[in-house]
Amino acid sequence: MGFQMGLKWSQSVQIAEYLYDNDPTLDPMSLRFTQLREKVMALPEFDDDPNHCGERVLEAIQMAWLDEYQ
């Protein structure tokens, strides 16, 4: 069995897939960035420094999640 690292902020597409899988009916555009950040950090697979997240990162995650949602 290989070692699997946790999700990092830079993995916006993978994070979006987990978020969508956790709640496929939630419209990602209905969330404020603060709520989105909390949802990402609550993912069991997520393992990164909370301080390494900015608006650009959250926007990338939101847009990738929107692609999954639509």
Side-chain angles (χ1 to χ4, degrees):
M1 182 184 326
F3 178 75
Q4 185 171 357
M5 297 181 61
L7 288 173
K8 305 298 181 195
W9 287 114
S10 60
Q11 297 175 281
S12 57
V13 172
Q14 292 88 347
I15 290 172
E17 290 170 353
Y18 278 103
L19 292 169
Y20 176 76
D21 288 344
N22 284 345
D23 194 351
T25 62
L26 179 61
D27 180 353
M29 299 308 288
S30 70
L31 297 173
R32 294 187 307 269
F33 279 164
T34 54
Q35 294 171 307
L36 177 57
R37 184 175 184 268
E38 290 171 9
K39 283 196 166 293
V40 172
M41 291 191 312
L43 290 171
E45 301 82 7
F46 183 74
D47 181 32
D48 203 355
D49 185 340
N51 296 319
H52 290 168
C53 173
E55 197 169 299
R56 177 180 273 165
V57 170
L58 291 170
E59 184 177 14
I61 293 169
Q62 188 179 45
M63 292 299 102
W65 188 2
L66 183 60
D67 285 344
E68 291 289 320
Y69 176 73
Q70 294 176 337

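Along the sequence shown, residues are numbered consecutively beginning with 1. The analysis underlying the following values was restricted to heavy atoms, covering all of them including side chains, and did not include hydrogens, waters or symmetry mates.
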In Å and rounded to the nearest 0.5 Å, what is the CD to CG distance from Gln70 to Asp27? 8.5 Å
Non-hydrogen atoms of Glu55 and Phe33 that approach each other most closely: CG-CE1, 3.2 Å
Closest non-hydrogen atoms of Ala64 and Ser12, given as atom of the first, atom of the second and distance, are CB-O, 3.9 Å
Side-chain touch Lys8/Gln11, heavy atoms, less than 4.5 angstrom: yes
Under 4.5 Å between any side-chain heavy atoms of Pro50 and Arg37, yes or no? yes
Supply the atom-to-atom distance Glu38 CD to Leu31 CG, rounded to the nearest 0.5 angstrom. 10.0 Å
Do Leu26 and Lys39 have side chains that get closer than 4.5 Å, going by heavy atoms? yes
In terms of heavy-atom contacts, His52 and Val57 come closest through O-CG2, 4.4 Å
Going from CE on Met41 to CG on Asp49, what distance comes out if it is rounded to the nearest 0.5 angstrom? 10.0 Å
On a heavy-atom basis, the closest approach of Leu7 and Phe46 is O-CD1, 3.5 Å
Using side-chain heavy atoms (C-beta onward) and a distance below 4.5 Å, is Val40 in contact with Asp48? no
Validation row: Glu17, Val13 side chains within 4.5 angstrom (heavy atoms): yes
Compare all side-chain heavy atoms of Ile61 with those of Trp9 and state whether any distance is below 4.5 angstrom. yes
In this structure, CH2 of Trp65 is separated from CG of Leu36 (nearest 0.5 Å) by 6.5 Å
Rounded distance (nearest 0.5 Å) linking atom CD of Glu68 with atom CG of Asp21: 7.5 Å
Go through the structure and list residues passing side-chain hydrogen bond (donor to acceptor under 3.5 Å, both in side chains) with Thr25, not counting sequence neighbours. Asp23
